[in-house]
Every structure is written in structure tokens, then in C-alpha cells.
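To keep things clear, I will list the structure first and then write my remarks on it.
All heavy atoms count here, side chains included; hydrogens, waters and symmetry mates do not. Note on naming: letters A, B, ... go to the chains in the order of the sequence lines (proteins, then strands), and numbering restarts at 1 for each one.
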Amino acid sequence: MAMTMTEKILARASGKAAVRPGENVWANVDTLMTHDVCGPGTIGIFKREFGAAAKVWDRDKVVIIPDHYIFTADDKCHRNVAILRQFAREQDLPHYYDVGTPRYKGVCHIALAQEGHCRPGEVLFGTDSHTCTAGAFNQFATGIGNTDAAFILGTGKLLVKVPPTMRFVFEGEFPPYLMAKDVILHLIGEIGVDGGTYKAMEFAGEAIERLEMEERMTLCNMVIEGGGKNGIIEADERTFAYVRARTGKSFEAVAPDADAKHVFYKRWDARTIEPTVARPHSPDKRATARSLADVAITRAYIGSCTGGKLTDFASAARVLRGRKVAVQTFLVPATTEIARGIGTETLEGKTLLSIFEEAGCTVSLDASCAACLGGPADTFGRINGPEVCISTTNRNFPGRMGAKEGQIYLASPYTVAASAVRGRITDPREFLA
Amino acid sequence: MSANRIRGQVYVLGDNIDTDQIIPAQYLNLVPTIPEEYEKLGSYALCGVLDAPPYVPQGRTKTPYAIIVAGRNFGCGSSREHAPIAIGAAGGRAVVAESYARIFFRNCVATGELYPLETATRLVGEFVTGDEAEIDLDASTITNLRTGAVMALAPLGDARPVIDAGGLFEYARRTGMIASTAHPDVREAVPVNRVVED
């Protein structure tokens, strides 16, 4: 029976020769990830249901990455990290990345990849909706709640409904001013915020093959904003090079069968996609950047699992080099590895950090989720009033970055940087031509 | 929370009510398994919604609205289980919506906090906030007791007994999927394929 990549991974994980969309299967879990916002609740349920002395099903398969509320004075946030630390100690977990130590990483979805936990053909569940990011590595990866996560901690299994697959194909090559963020915002605008609900979203075509891993991650990261259960991309030499550099574990990638069935199929000429923006307050409120040229902004933000990777900062630097920002522009790297990269990566002889500082940006090198989801009142870059912010993050729901009065426009790092320079929404082609 | 009928006041919302509106991220420092923090989460339920009367009155921890009627894609966004828990902790018992975001629906079932009921047609215009309504789970209907209109709901199917039991673990125990008392050997019990995801 012909299968998609998602079907093949779930068939293998459930010990079946084949699975069909709509079928419920018990999948064996390769990796369970949790963080400081959902980990304490997950641990609480695990202990309540399995007993205070219970051990996790496989300590090598549990990954705990505190990342949300780290650089804050809030006592409960510190208490929550202490709960994770205590649990990691009790369970002797090898993959705990503690705050305040050299092991601290920052944003879980990026750290998972950088630390070798994203491996082709495997099953990853995480207590965070952007767990789907790992689909870039040919992994079945999706978000779950605390209760399901606690069930996995005790049993190593989860009941999953096999999703039907939507296939998005991009022929040719994306233009140089376009980023994966533009592509996914374009797609979400097309299918709507619930167009992918219960479905796998598969990306293919020459233009996707040409994308580097961080850009593929951006694409898969935001499938949840289209309602998608998981995003997935076929593994290739670029995938294998990234993964092999970061783990010695063996893995087996899956490729789609040529005659696999899809519930949605569409091809694009990659050259036709334009710099794209999502207007407040929904990721599917699509507009081209150039159509919003009369929208004045009061701040810009570059960060998060979606738009805080090294590629994102290097792209912003191309626009910001030798220019000044017109509005307050907050930059925060997703992980400590990226924070180091900002200080060492150069563009025409200057480090990214010096380019940003000379442009007048407000840079924090404390890697975390920061203001992408608002967070405690003292969070770096948080919106605390009626700001109009253009951001590389993933959601522009009311109050998402803090105050309900805020308005958030989502865009690529190129578009955010160009807009920061002009003080209004700006098509980056004005700077990248 | 096993019961056939759910009766109470209705709170009406629109489409795409996301989890940031249901429980804003600044309150995610609260841990739902700590009883006083569970109660606190309830007091903040739906406080991020724009242009609506408060779901939980100022200075209170419980809502007067047992039933939420909404449009499409209720609960979109984050996987935070705090979202159905906040509504449940406030005293909400059911949501009646045209459709749900997948993770929110699953979290409702897994926690047993809320009945996420689907409708084939849009019911948002059939109610105003404050109407008295009654849901009949066996008959899969909701009745607006002010207008007398009776409207069909999609049956909850295999999700209902899980919510009736009070969530995934209690259901698993009652049906023999896992041991009846907390014990490390629980992981050896291979769960039977009964619970239906999403």
C-alpha cells in the first residue's frame, strides 16, 4: 500500500506494515520533550498517576529544556525550573539543559535540533505546539498537553490518529529576497488558520530542496498556525549532514511513495511568491509587504523558534548593515549557540552583533522565548501598551506579545529589518535589490 | 463529571478563540496540578478575549456561564493544557463550537475538564450571552431555554466516556487499560485501543 512519509513513520512506530489516515494507532515514542511552562504540570500528573517513586519509561528518551520564563524576577517561574531540576535529578535524566549552567540552551525547538534530538524517521512529542518544527528533519513531531505527556512518561506510548496529508510543492527557486517565513505566511493565508486541522502538511519541490535546514524549520514550525498536526520534509544530504554532525545515534529516514494519496495537492512557481505579512490579529490575514507601506510601526522584534535562528539574524544584518533603525528594535536569539554565532558570524568584515549595535538595535543575548508569547511583566521586549509591532515570531493573536492593545504584524527577518529602518512596513526589495 | 444533562447560562464568542485569549501567557507560571494554582487559573479564564463581558466577574474565581457557544477553530494556538483547565476550573462544563483546534480538543478529553461539542451549523447567532440553555449529551442536542429552539450537536462518540470518567487516566483505570492503583508496573500494561484521539 502506498504511503506518505507521515504514514510510514507512524506505521513503523506502531509495529504495523501499513497505516491509513483516520486509523488510531499506539505509537512508540522516540523522544518526549517538555519545558518550564508545561513540565511541572506534566511531572505533577506523572507522580499522581504512576506514583511518587515511579521511573520514566526510558531516561534516554526524555528531553527537558527550560526556555520560556527564564530571565525574570518572577518567583513562580524560578520555582517551576526548580521542579524540572529536581525531577531530572531524581530520574537521573541525561538530557536536561539546566538554567544557569553551560548546558543551558534556550528555545526548545531549536535546541532539540542543535543537540541531535531531531532524527529522521522518528516520533517526537512535545508539550509545545511548535514541536512540529522538527518535521524539517523528516521526523513525525507534534504538540501535546500535559496529561498525554505524563502518559508517555509512564508508558512510552501514545494513541495517535494517523493524519491525512496535504502536499505543497514549490517548483524552481525562491527569489533571493524571499524567506521561508514568507512562504508559510502565504500558505496559511491560502488555507486559513484551520485549513490544516488534523492534517499533515508536507513540503516538496526543487525550491524546498534548496532551502537550508533553518529555513526548512521555519516552514514546518508554523504549520500549527494553519491548524496542521505536523509538517514534514523529505530528508536529503543537507538533512543528513546537519543530523550526523550533532548525534551519533542511528536513524532511518522515510521517503514518500510516488503514488501516495493526498487530501490536498498544490504546486507553485517559487518565483511568484512575494514578501508576505500577516496583519493583526490572525496569522491568516495575509497581505503583501508592499501593500502595507502606509502602516506605521512603533517597534520591531526579531526572535523566537520561528524567527530567532542564525539565518534569521544573518538575513536581518544584510538589511541593517550601515543603516539605522527608526523604531525600537528588539533582538533575542533562540539559543545560546545562536547567541554565540551573532558574536562571531561576520558580514563584510563586521560581526552581526556590531552591525546590530551600530544600527541602534536593542540586543539581548539571553536566549529564550522572550516576548514571543508575552510572558511575565519583566520579559525582554514585551509589549506593554498600544504598540504596533512587526515581528519574526509566529502568532499575532490579541495580547500574544503582552498587552491586548498591541497590534502585531508577522513577517520575515528581511521585512522586519527593512520596516525597522523605515518606521513603516516595507518590502525588503527596497534594500536587497 | 459524568452527567447526561448540562444546564446553565451561555457565554457567546466568535471564531478562532485562541489559547492566548483563553489563558494569557503571563499566567502560565501557574501549575495546574497545584490545587491553589488550579483555582487561580480559573479566575483568569478567557480574560484575554477582546470586546466581551468578563467570563469570570472581577474579584471572583467562578464563572456564571457553564456553557460557551463559539464559532470555528475554538482553542487554536498553543498546546497549553492550562486552557481547558482554566475554563473547567472556573466552572465551565461544555463548549459548543463549529470546530476545534486539534490539541485543545484532545486536551479537553485527556483532562476531562470540558465537553468539547461540535455543531454542524453555526449556532453563535442563536444565543446571546446570559441565555439559559440545556445540553442533552445522550440526545446530542442543545436547547435555548429562552427561545425554545432545539439544535443538534455531533455525538461525542468514544471521547465521551473518557470525559465522563474525569479524564484519560481515570478512564484507563476503570477500563483496565492501566493498573487500578498507581504503580511503576503500570508501564507494562499495554493499553487497549479504545480511546480515540481527536
Under 4.5 Å from any heavy atom of chain B - which part of [X]:
X      : value
A/A149 : neither
A/I45  : both
A/F397 : both
A/D194 : both
A/H130 : neither
A/D74  : side chain

- Message: Could you check whether any side-chain heavy atom of A/K47 comes within less than 4.5 Å of a side-chain heavy atom of B/T33, counting everything from C-beta outward?
- Response: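 No, too far: nothing below the 4.5 Å cut-off.
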- Tell me, do A/I224 and B/I103 make a side-chain contact under 4.5 Å, heavy atoms counted?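 Heavy-atom side-chain distance check passes, below 4.5 Å.
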- Task: Indicate, with yes or no, if the rings of A/F50 and B/F169 have centres closer together than 6.0 Å.
- Result: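 Ring-ring flag for A/F50/B/F169: true, centres closer than 6.0 Å.
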- Message: Heavy atom to heavy atom, less than 4.5 Å: which residues from residues 33-42 of chain A reach chain B?
- Response: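 Hits under 4.5 Å: A/V37, A/C38, A/P40, A/G41.
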Is it the backbone or the side chain of [X] that comes under 4.5 Å from a heavy atom of chain A, or both, or neither?
X      : result
B/I85  : neither
B/T19  : neither
B/E170 : neither

- Message: Test your reading of the model: is there a side-chain donor-acceptor pair from B/S79 to the backbone of A/T127, 3.5 Å cut-off?
- Response: yes
- Message: Does this structure show an ion pair linking A/R395 with B/D18, if we count only N-O contacts that are shorter than 4.0 Å?
- Response: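 Judged by the 4.0 Å cut-off on N to carboxylate O distance, A/R395 and B/D18 do not form a salt bridge.
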- Message: I'd like to check the side chain to side chain contact (heavy atoms under 4.5 Å, CB included) partners of B/Y27; sequence neighbours left out, ordered by chain and number.
- Response: B/I23, B/P24, B/L30, B/Y44, B/C47
- Winner by heavy-atom pair count (cut-off under 4.5 Å) against chain B, out of A/N394, A/I83, A/L158, A/I43: A/L158
- Kindly indicate, with the supporting measurements, whether the criterion salt bridge (Lys or Arg N to Asp or Glu O under 4.0 Å) is fulfilled by A/D148 and B/R106. CA-CA 9 Å; A/D148 281 335; B/R106 187 169 173 132; 2.5 Å; yes
